[in-house]
Engineer: 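Can you read through this structure? Questions will come right after.
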Number of protein chains: 2
Amino acid sequence: MDKSTIIDVAKLANTSKSTVSRYLNGYKVKKETKEALDRAIRELNYHPNANARRLVKNNTQVIGIVVDDIANIFYADILRGIESVLNSYGYRCAYYSRTSNYQGEFGFMDLANEGEVDGLILVSFLKRSQEMLDEVKKLAIPIVLIGDADYDSGVFSVDVNNELGISELVHYLYRIGHRNIAYINGPEHFSASYWRKKGYENTLKELGLSYKESWIIDSDWTKAGGHKAMSELLAFKDITAVVSSNDEMAIGALLYASELGFHVPRDLSIVGFDDTEVSKWVYPPLTTVKQPLHPMGEKAATGLIAKLKGEQDIQEQRILIDPKLVVRQSCRNL
Amino acid sequence: MDKSTIIDVAKLANTSKSTVSRYLNGYKVKKETKEALDRAIRELNYHPNANARRLVKNNTQVIGIVVDDIANIFYADILRGIESVLNSYGYRCAYYSRTSNYQGEFGFMDLANEGEVDGLILVSFLKRSQEMLDEVKKLAIPIVLIGDADYDSGVFSVDVNNELGISELVHYLYRIGHRNIAYINGPEHFSASYWRKKGYENTLKELGLSYKESWIIDSDWTKAGGHKAMSELLAFKDITAVVSSNDEMAIGALLYASELGFHVPRDLSIVGFDDTEVSKWVYPPLTTVKQPLHPMGEKAATGLIAKLKGEQDIQEQRILIDPKLVVRQSCRNL
DNA sequence: ATGAAAGCGCTAACAG
DNA sequence: CTGTTAGCGCTTTCAT
C-alpha cells in the first residue's frame with residue numbers, strides 16, 4: 001500500500017484537495033464535508049507530507065539547536081529554558097551535535113542555508129573565531145548564540161557574567177578574612193576561562209591583594225585536573241584559599257587536600273564555579289556560584305523569536321546575566 | 001535579495017536546470033559548463049533547497065533520535081555509539097526531546113509519518129506500554145528501540161542485560177563471604193528496576209541465601225533516595241552488604257553511612273550499577289557494573305541500517321548486551 | 001553531454 | 001463555503 005496523499009483523501013470524500021487542505025489547516029468546512037473528510041483520513045491512514053508543505057510555505061516551524069557534544073551537556077538547564085519559550089510560540093526543537101559533524105565548525109551552515117530549520121541557536125562555550133562569526137552574519141535565517149562571543153561580534157549572544165561571578169567569590173573570601181588566594185584556571189580554548197581569570201586578577205588588584213603568577217595553575221576543567229593542580233598549590237604554605245574556575249576541578253582539589261590529610265575548610269578554603277548538582281553532595285558541601293542556566297536559555301530563545309518576527313528593535317547585542325553566590329561549607333572565616 | 005534557485009543558476013551559466021541538478025549530484029558535465037556553473041553558484045550564493053529535494057526524492061538522509069529528556073541524558077555514550085555508525089553510512093542525526101512534547105508519549109509519531117526523517121531510534125528506559133508498541137509497528141518508517149521492551153514486543157530492541165548485571169554483583173559479594181545482602185530498588189516505572197530486582201531475588205534463591213522482604217527498599221534513583229534508603233537499612237544489624245540498583249543511590253547510601261560514623265567497607269559493603277563517572281571518585285571508590293553503552297548504541301544503529309536497506313533477515317529481535325563487573329574498594333572480604 | 005517536460009504533495013490566490 | 005489553477009524548487013525520464 002502506497003502512502004496516500006491529499007488527492008486520495010479528496011476523491012474518497014468527494015471534494016477537492018483545496019478543501020482538504022483548508023480543513024487540515026483549521027478553516028471552516030460544511031459539517032457533512034467534515035465528516036466525510038474525517039472518515040476518509042482515517043480510512044486511508046492519511047498523514048500530510050511535511051516536506052511538501054515546507055516547500056510551499058517556505059518555513060518549517062522547527063528551530064535547530066546546535067550543541068558541541070550532545071553526549072556531554074554540562075549546562076542542561078539552558079536547553080530547558082530554550083524549549084520552554086520556543087514551544088510556547090509553536091516551534092519544535094531539533095538538536096544537532098557538532099561532534100558528529102565531520103565538516104567541523106561550519107557543519108551547521110547547511111541547516112541554515114537549505115531550509116531545514118527556521119532559526120538556529122548555537123550553544124558552545126568554546127572560543128569562537130571571528131571568521132566563523134562573520135559567516136554567521138551572512139546566513140539566510142535568524143541566529144543567536146549562547147556562550148560568549150568574545151569580540152564585539154555583531155551577533156546576538158547571551159552568556160553568564162563570568163567575570164562578575166569570580167569577582168563575587170573573591171570578594172566573599174576577602175570579607176571572611178582571606179588575603180592569599182590562589183586560582184585554578186580552565187583551558188584556554190574556552191571563552192569562560194578568559195573572563196573568569198580576568199575576574200580573578202582584576203578583583204585582586206581592586207582589593208589591593210598581592211598578585212603572584214605562580215599561584216595561578218592552568219588546568220582542564222576535570223576532577224583529575226583539579227587534583228593535580230592542588231598538588232602543585234600545596235607547595236605554597238601561605239595560601240589560605242583556592243578559587244577554582246569550575247566545580248569539577250574544585251572537587252578534585254578538595255579530594256587531593258583530603259587525601260593529604262588537610263581538612264577543608266579548617267586548613268584550607270576552596271570555592272568553585274557552576275553550582276553543579278554534585279557540589280552540594282561532596283564533603284564539605286562546596287561554596288560556589290550558580291549559573292543562571294534557565295534564564296540564559298530563555299533570553300536566547302526570546303531573542304530568536306523577536307528576530308523571527310522581524311522586530312526591528314532587537315539589536316545584535318551581547319547579553320550577560322549575573323550569577324549568584326551560593327555559600328556552603330567549604331570556606332573558613334579567618 | 002531573494003534566495004536564488006536552481007533556475008537562476010542555470011540562466012546565469014547559460015544552461016538548463018537539469019544540467020545544474022546533475023552537476024550538483026555528481027554527474028559529469030563538460031569542463032566549460034562546470035566552470036560556468038561554479039562561477040554562477042558562487043556569485044548567486046546558491047544553496048539547494050532541502051525541502052524540494054526531499055519532496056521529490058522522498059527521503060531525507062536524517063535519522064531521528066528521540067530521547068526522554070535532552071537535558072538529562074544519563075547514558076550519553078549510547079548516543080556516541082549511534083552517531084558513529086549512522087554517520088559512517090551517510091546519515092545525519094537529529095535529536096528530539098520527548099519532554100518538550102505536549103503530545104505525550106506519541107508525540108514523535110509525526111516525525112515518522114510526515115517524512116521528516118528516514119528512520120527513528122527511540123531511547124527510553126521507562127516502561128513502554130503495549131499500546132505504544134503496537135503503534136510503533138504501524139509506522140511508515142523503520143524504527144528500533146533502546147531500552148527494553150519488557151514484552152515480546154515484536155520490535156527490534158537493545159538493552160543491557162540488567163538481570164545478569166545484578167546477578168554478577170551478588171555472586172561477587174557471595175564469593176567474598178557475604179550472606180546477608182540488602183537491596184535498594186529503583187522506581188517502578190523504569191523497565192530496568194524490574195529486571196534488576198529480579199536478578200537480585202533469583203540469585204539469592206540460586207545461592208540458597210535467606211530472602212527478606214524488609215531488606216528491599218524502594219527508592220528513586222537519586223542520591224537523596226539512596227541516603228534515605230540507607231537510613232532504613234541501618235536498622236538491620238545483620239546486613240553486611242547493600243546492593244544498590246544504581247550508582248547514584250549507592251553514593252547516597254555511602255554518604256549516609258559515613259555521616260553516621262560507619263566505615264565503608266570495614267563496617268559495611270556497598271555496590272552500585274552503571275559505572276558512572278563519579279563512582280570512581282567517591283570515597284571509597286565504588287564497586288559496580290559497567291553498562292556497555294557504546295555497543296548498545298552501535299547495535300541499535302546497525303539494526304536500523306539493516307532495516308533501511310530492506311534486509312529481510314533482520315528479525316524483530318530483543319538484544320541484551322552483557323555488562324561487566326568493575327571491582328573497586330567499597331566491599332570487604334569477610 | 002544536455003534540454004524539455006512532467007511531477008513530487010501541498011498551499012493560496014481567484015472566481016464563483 | 002468550495003473548486004480550479006498556478007506554482008514552491010527540485011529530480012528524472014525521454015529525447016536529441
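Just so we're on the same page: letters track the sequence lines, and every chain starts at 1.
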Engineer: The test is side-chain contact (heavy atoms from CB on, under 4.5 Å); show your working for Gln317(A) and Phe156(A) and say whether it passes.
Structural biologist: CA-CA 5 Å; Gln317(A) 53 192 316; Phe156(A) 187 101; 3.8 Å; yes
Engineer: When the C1' atoms of the five terminal pairs at each end define the local axes, what inter-axis angle does the helix from dA1(C)-dT16(D) to dG16(C)-dC1(D) show, to 10 degrees?
Structural biologist: 30°
Engineer: In residues 47-60 of chain B, which ones come under 4.0 Å of DNA chain C, going by heavy atoms?
Structural biologist: Leu55(B), Val56(B)
Engineer: Within the structure shown, what part of the strands sits under 4.0 Å from Thr5(A) by heavy-atom distance: base, sugar-phosphate, or nothing?
Structural biologist: sugar-phosphate
Engineer: What I'd like to find out is whether the side chain of Val158(B) reaches to under 4.5 Å of the side chain of Val144(B), using heavy atoms alone.
Structural biologist: no
Engineer: Once rounded to the nearest 0.5 Å, what's the spacing between atom CD1 of Ile82(B) and atom OH of Tyr95(B)?
Structural biologist: 6.0 Å
Engineer: Donor-acceptor pairs under 3.5 Å, side chain of residues 114-126 of chain B to any protein atom, not counting sequence neighbours: which ones?
Structural biologist:
{"unit_1": "Glu116(B)", "atom_1": "OE1", "unit_2": "Arg54(A)", "atom_2": "NH2", "d": "2.8"}
{"unit_1": "Glu116(B)", "atom_1": "OE1", "unit_2": "Arg92(A)", "atom_2": "NH2", "d": "2.8"}
{"unit_1": "Glu116(B)", "atom_1": "OE2", "unit_2": "Arg92(A)", "atom_2": "NH2", "d": "2.8"}
{"unit_1": "Asp118(B)", "atom_1": "OD1", "unit_2": "Thr60(B)", "atom_2": "N", "d": "2.8"}
{"unit_1": "Asp118(B)", "atom_1": "OD1", "unit_2": "Thr60(B)", "atom_2": "OG1", "d": "2.9"}
{"unit_1": "Asp118(B)", "atom_1": "OD2", "unit_2": "Thr60(B)", "atom_2": "N", "d": "3.1"}
{"unit_1": "Asp118(B)", "atom_1": "OD2", "unit_2": "Gln61(B)", "atom_2": "N", "d": "2.7"}
{"unit_1": "Ser124(B)", "atom_1": "OG", "unit_2": "Asp68(B)", "atom_2": "OD1", "d": "3.1"}
{"unit_1": "Ser124(B)", "atom_1": "OG", "unit_2": "Asp68(B)", "atom_2": "OD2", "d": "2.9"}
{"unit_1": "Ser124(B)", "atom_1": "OG", "unit_2": "Leu126(B)", "atom_2": "N", "d": "3.2"}

Engineer: Walking along DNA chain C from 5' to 3', note the first and the last nucleotide with an atom under 4.0 Å from a heavy atom of chain A, and give both.
Structural biologist: dG9(C) to dA13(C)
Engineer: Is the closest basic N to carboxylate O distance between Arg42(B) and Asp38(B) below 4.0 Å?
Structural biologist: no
Engineer: Which residues pass the salt bridge (Lys or Arg N to Asp or Glu O under 4.0 Å) test with Lys137(B), not counting sequence neighbours?
Structural biologist: Asp134(B)
Engineer: List for me each residue that meets ring pair (Phe, Tyr, Trp, His ring centres under 6.0 Å) alongside Tyr23(A), sequence neighbours excluded, and say none if there are none.
Structural biologist: none
Engineer: Run the side chain to side chain donor-acceptor pair (under 3.5 Å) test against Lys307(A) and tell me which residues pass, sequence neighbours left out.
Structural biologist: Glu316(A)
Engineer: Which residues pass the side chain to side chain donor-acceptor pair (under 3.5 Å) test with Lys31(A), not counting sequence neighbours?
Structural biologist: none
Engineer: First and last nucleotide of DNA chain D in contact with chain B, 5' to 3', at under 4.0 Å to a heavy atom: what are they?
Structural biologist: dG9(D) to dT13(D)
Engineer: Is there a residue in residues 22-29 of chain B whose heavy atoms reach under 4.0 Å of DNA chain D, and which residues are they?
Structural biologist: Arg22(B), Asn25(B)
Engineer: Can you list the residues that meet the side chain to side chain donor-acceptor pair (under 3.5 Å) rule with Asp77(A), with sequence neighbours excluded?
Structural biologist: Arg80(A)
Engineer: Start at the 5' end of DNA chain D and walk down; is the nucleotide closest to Thr33(A) or to Lys17(A) reached first?
Structural biologist: Thr33(A)
Engineer: Suppose we screen for side-chain contact (heavy atoms from CB on, under 4.5 Å). Which residues come up paired with Lys11(A), at least two apart in sequence or across chains?
Structural biologist: Ile7(A)
Engineer: Identify whether any heavy atom of Ser21(B) sits under 4.0 Å from a base atom; if not, whether one sits that close to sugar-phosphate; answer base, sugar-phosphate or nothing.
Structural biologist: base
